[in-house]
Amino acid sequence: MSLPSYNNYVDNAIIDATKMNDAQLVSSFSHHGCGDFSHFINFDRDSLIDLYVADRVYGMFHSVYAKMLNTL
């Protein structure tokens, strides 16, 4: 994948995430066993979007989720 294609892929993931409401973002993590708000109590919308992009683009859900839990 060329760099412009990869940048478009990342941009499209961000656009998809911003179109979702918070409930849709949270439910998108259900395949990781985290499909309800009880796992994301202190997460703001930007954090949910960042986590969505980390999951969809980079496949780093667990790593980023753990770091966010420690900082929020």
Side-chain angles (χ1 to χ4, degrees):
M1 183 180 295
S2 68
L3 186 57
S5 295
Y6 186 74
N7 287 340
N8 287 339
Y9 182 61
V10 172
D11 291 343
N12 288 336
I14 294 168
I15 289 168
D16 290 344
T18 57
K19 289 180 181 178
M20 294 181 184
N21 62 38
D22 290 352
Q24 291 171 320
L25 285 168
V26 169
S27 69
S28 74
F29 306 127
S30 61
H31 62 280
H32 293 294
C34 303
D36 60 44
F37 281 99
S38 67
H39 296 97
F40 305 99
I41 292 173
N42 293 324
F43 283 55
D44 60 2
R45 180 163 176 76
D46 290 336
S47 297
L48 291 173
I49 291 171
D50 289 345
L51 187 58
Y52 179 88
V53 173
D55 182 33
R56 294 297 188 254
V57 176
Y58 305 108
M60 297 180 59
F61 174 84
H62 295 291
S63 174
V64 173
Y65 178 70
K67 288 179 183 178
M68 286 183 170
L69 283 178
N70 288 332
T71 60
L72 295 177

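Just the heavy atoms: all of them, side chains too, but no hydrogens, waters or symmetry mates, feed the values below.
Checked against salt bridge (Lys or Arg N to Asp or Glu O under 4.0 Å), Asp22 has the following partners two or more places apart in sequence or in another chain: Arg45. Scanning for side chain to side chain contact (heavy atoms under 4.5 Å, CB included) contacts around Thr18 gives Ile14, Ile49, with sequence neighbours left out. Scanning for side chain to side chain donor-acceptor pair (under 3.5 Å) contacts around Ser28 gives an empty result, with sequence neighbours left out. Scored by the side chain to side chain contact (heavy atoms under 4.5 Å, CB included) test, Ile15 finds Asn12, Lys19 as partners (sequence neighbours excluded). Here Ser30 pairs with nothing under the side chain to side chain donor-acceptor pair (under 3.5 Å) rule; sequence neighbours left out.
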Next item on the list: Test Ser47 against Asp44 for side chain to side chain donor-acceptor pair (under 3.5 Å), laying out the working first.
Entry: CA-CA 5 Å; Ser47 297; Asp44 60 2; 2.6 Å; yes
Checklist line | Trace of the side-chain contact (heavy atoms from CB on, under 4.5 Å) decision for Ser63 with Tyr58 | finding: CA-CA 11 Å; Ser63 174; Tyr58 305 108; over 6 Å; no
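Here the CG atom belonging to Leu51 is positioned 4.0 Å from the CZ atom belonging to Phe29, to the nearest 0.5 angstrom.
When each of Val57, Val64, Leu25 is paired with Tyr52, the side-chain contact (heavy atoms from CB on, under 4.5 Å) condition holds for Leu25 and for no other.
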Taking only distance into account, with no hydrogens and no angle test, what donor-acceptor pairs under 3.5 Å do side-chain atoms of residues 65-72 form with protein atoms, sequence neighbours excluded?
{"residue": "Tyr65", "atom": "OH", "partner": "His39", "partner atom": "O", "Å": "2.8"}
{"residue": "Asn70", "atom": "ND2", "partner": "Ala66", "partner atom": "O", "Å": "3.3"}
{"residue": "Thr71", "atom": "OG1", "partner": "Lys67", "partner atom": "O", "Å": "3.3"}
{"residue": "Thr71", "atom": "OG1", "partner": "Met68", "partner atom": "O", "Å": "3.3"}

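Residue pairs satisfying the salt bridge (Lys or Arg N to Asp or Glu O under 4.0 Å) criterion with at least one member in residues 46-58, sequence neighbours excluded, are absent.
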